[in-house]
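Each ligand, and each atom within it, is numbered from 1 in the order the structure gives.
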Amino acid sequence: MDTTKHKMTSQFAKDVHEGLSAPQKFLSSRYFYDATGDKIFQQIMAMPEYYLTKCEFEIFNQQKDQILSAINPGSKFNLVELGAGDGYKTKILLEHFLKQEANFEYFPVDISGDVLMTLKTDLNDRFPQLKVTNLNYEYFEALERLNELDDSPKVILFLGSNIGNFTPERAQSFFEKLNKVMRPGDKLLSGIDLKKDPHTILEAYNDPTGITRSFNLNLLKRMNRELGANFVIEDWDHFPTYDPFTGECRSYLMSCKKQDVTIEATGHTYSFRDSEPVHMEISRKYRLDEIEDLAGKTGFEVSQHFTDSRDYFVDSLWNK
Ligand code: AVJ
């Protein structure tokens, strides 16, 4: 049954319609992060199986001195963080840089204004001497605006293996675009999860307590609430996979039975077969040589790899 009385006004509705109309259905993981999704992601970062956050935390704690030496241009610099979130790991660097009296300002970038305000209030409390300027824009717009504002060298942080959510093609075009808005002398520090024992990786996305499951299912709840959908949460199952060749962790929601779902905001009804998958997220893992390839292909020169004691994760520093 198709009704056209509702126009697809929001980007969210358009993207959902595109994904659920495709022969192989998908939903974009960028929509995981509503207020509840943000909270569940905090729980994911705290769970023992999700080693990524712990590794990056260890790298920053153990190597903050080397990181500062490697990025410090010796003059004032602008530290820009793409997708700053709650700045949990970044605070280690900020604290250390301030202690060492590095001359820098901090520019957190996020599309969520709420997240930025909370972060700024917290940082102002904690580090009153640090100048924080929120950039509430999409990444590239934020960088263009910053270029107009100030021409101090930039150090761009892109942490937490967020690059993993991109296909290799999109990762490449993302770094190419980033390279274009950077100036010679600017630097980029990307946190990237590395290929390793597949059991370890799959566990991180398939925790026994079901936190990752609820993270995925939350998107159905969000569609019910924001798009007037009628997903029955109990009729869906979380199914994660890991392919050690490609390094791709993928998560799917599986329809537990043949069912129809109607979404008011798209004005359409979608049919699901029994055991039909909906692809939700890619979390891609890389090897160091693949990272070096990617840097070279996108116009960067690799300056240094900062890895944790188990070589699970890297913060890779690139020069433009
Ligand atoms: C925030 C994209 C890095 O892919 O590891 C965690 C999101 N998804 N557990 C990741 C996520 C399921 C996370 N990133």
Within ligand 1, which atoms have a heavy atom of [X] less than 4.0 Å away?
X      : value
Asn162 : 1 (C), 2 (C), 3 (C), 14 (N)
Ser161 : 3 (C)
Ile44  : 6 (C), 9 (N)
Asn165 : 2 (C), 4 (O)
Tyr33  : 1 (C), 7 (C)

Sub-4.0 Å heavy-atom approach of Phe166 to ligand 1: no
Any Gly160 heavy atom less than 4.0 Å to ligand 1: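 Contact check Gly160 vs ligand 1: positive.
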Give the residue and atom name of whichever protein heavy atom lies nearest to [atom], and the separation in Å to one decimal.
atom                    : value
atom 13 (C) of ligand 1 : Tyr50 OH, 3.2 Å
atom 8 (N) of ligand 1  : Glu281 OE1, 2.7 Å
atom 4 (O) of ligand 1  : Ser283 OG, 2.6 Å

Do [X] side-chain atoms and [Y] backbone N/O form a donor-acceptor pair below 3.5 Å?
X      : Y      : result
Asn147 : Val181 : yes
His268 : Thr266 : yes
Asp237 : Cys256 : no
Glu290 : Arg287 : yes

Report yes or no: is the cationic atom of [X] (NZ for Lys, CZ for Arg) under 6.0 Å from the centre of the six-membered ring of [Y], at an angle within 45° of the ring normal?
X      : Y      : answer
Lys25  : Tyr270 : no
Arg145 : Tyr137 : yes
Arg222 : Phe12  : yes

Parallel, tilted or perpendicular: rings of Phe300 and Trp318 (30°, 60°): tilted
Backbone or side-chain N or O of Tyr205 under 3.5 Å from ligand 1 N or O: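 Tyr205 vs ligand 1: N/O contact under 3.5 Å present.
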Ligand 1 contact on Phe41 by region, counting heavy-atom pairs under 4.0 Å: side chain
